[in-house]
Amino acid sequence: MEARIEVPDLRYMIFAIATQIPKGMVSTYGDIARALGDVRASRAVGKIMAADLDRPFPVPCHRVVYTDGRVGWYHGSGRGTEVQASMLMAEGVPVGNGQVMEFAKYRFTDFVAEPVLESLAHRQDQVASSVIETETRVEAIAGIDVAYEGDRAFGAAVVTDLSGEVFEERTVEMNVRFSYVPTYLSYRELPVMARLVQGPEVMHMVDGNGRLHPRRAGIACQLGVEMDVPSIGVAKSLLCGSLDDGNVLVDGTVLGRIVGDGRPVYVSVGHRTTLEQAERLCRGTRHVRVPEPVRRAHILAGRLRDEFRGRQDADSVA
DNA sequence: GCGACAG
DNA sequence: ATCTTGTCGC
């Protein structure tokens, strides 16, 4: 059972939008994120512009500054605030004290772009309304996780019985082009996870949240609904909500359960299960902090990545 | 200064 | 998630 999940090339879109900033003007990381459809992607925009040096075409990164007009730590040739400032001044943008002067006058926000994040959020809304919260009788659990080396993704599924005893493993390898943006994790990892789906009679335990998500559509929900398999989310840290007894509340609704003390994990419904069943399966397979299926998948994916690194090092020597 | 967000 | 020295605990 294999499936393809189509996801936009976020990195390419960010570069394409930045290219629209005309000579003699500047924009902010937030402006670009807004053009993509969600300001909350602004830090992801900054990260990509700073880190991704091999680009499909020239990108005027020096024309992107902070919201207060400050010139950042430009990473292009020469690097440094000074370099960026002089590049901007050469284009006619006045910079003083590390800041763009008359910022509003030189600020460009008139981008022409598809607000992809907006449509991806809509898709999440649809997923949220498609989630079925009834128990599914299962005798196996597939833990699923993904590790990375740059854009190379290594996915692993480890199938266990209800006590966490392993009886099957599977791995997959592919490239991804959607960087991590809070609340949009599924679009980064789903193309990988979808290829590891085990079928409608296996509970898929995903490293991440299910309904415990601002739009009630975390990666476990999306995997479950789009592949029509039962799923639960097990997260190691909180994305949203507040703690109340053993519960996690979002807008006054119990969306998650806290399992374990000290550094607990947060369990929530993905699809075709209930919060009670999700918690039960989690507790039943939890020998240490993280339940066995997910813990093993995490280790396996990491090992696959390390092997890849070894292969790469061998290649670079040859 | 506050808030700050799965992986 | 990933980058990483020494440190803590079993």
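Quick caveat, the model's predicted, so the values are computed rather than measured.
At least one side-chain heavy atom of A:Arg177 sits less than 4.5 Å from a side-chain heavy atom of A:Asp151. Using a 4.5 Å heavy-atom cutoff, the side chains of A:Leu36 and A:Ile17 are in contact.
A:Leu10 places its CG atom 20 Å from the P atom of C:dA1, with the value rounded to the nearest Å. The CE-P distance, from A:Met193 to C:dA1, rounds to 11 Å in whole Å.
A donor-acceptor contact closer than 3.5 angstrom is absent between the side chains of A:Arg70 and A:Gln99. A donor-acceptor contact under 3.5 angstrom links the side chains of A:Tyr148 and A:Glu189, judged on distance only. A:Arg63 and A:Ser27 form no side-chain donor-acceptor contact under 3.5 Å, judged by distance and modelled atom types alone. In summary, the side chains of A:Ser163 and A:Asp161 do present a donor paired with an acceptor at a separation below 3.5 Å, with no hydrogens or angles considered. No hydrogens or angles considered: a donor-acceptor pair under 3.5 Å links the side chains of A:Tyr187 and A:Gln222.
The side chain to side chain contact (heavy atoms under 4.5 Å, CB included) test with A:Ile258 is passed by exactly one of A:Val265, A:Asp245, A:Val248: A:Val248.
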- Message: Could you write out DNA chain C as dot-bracket? Rules: Watson-Crick or G-U wobble, both distances under 3.5 Å, brackets [ ] for crossings, | for pairs with another strand, dot for unpaired.
- Response: ..........
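Counting any heavy atom pair closer than 4.0 Å across all strands shown, A:Ile219 reaches a base atom. Using a 4.0 Å heavy-atom cutoff across all strands shown, A:Tyr184 reaches at least one base atom of the nucleic acid.
If you walk DNA chain B from 5' to 3' and mark each nucleotide with an atom closer than 4.0 Å to a heavy atom of chain A, the marks span B:dA4 to B:dG7.
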Give each protein N/O atom lying under 3.5 Å from an N/O atom of nucleotides 3-10 of chain C, with the pair distance.
{"residue": "C:dC3", "atom": "OP1", "partner": "A:Arg309", "partner atom": "NH2", "Å": "2.5"}
{"residue": "C:dC3", "atom": "OP2", "partner": "A:Arg309", "partner atom": "NH2", "Å": "3.2"}

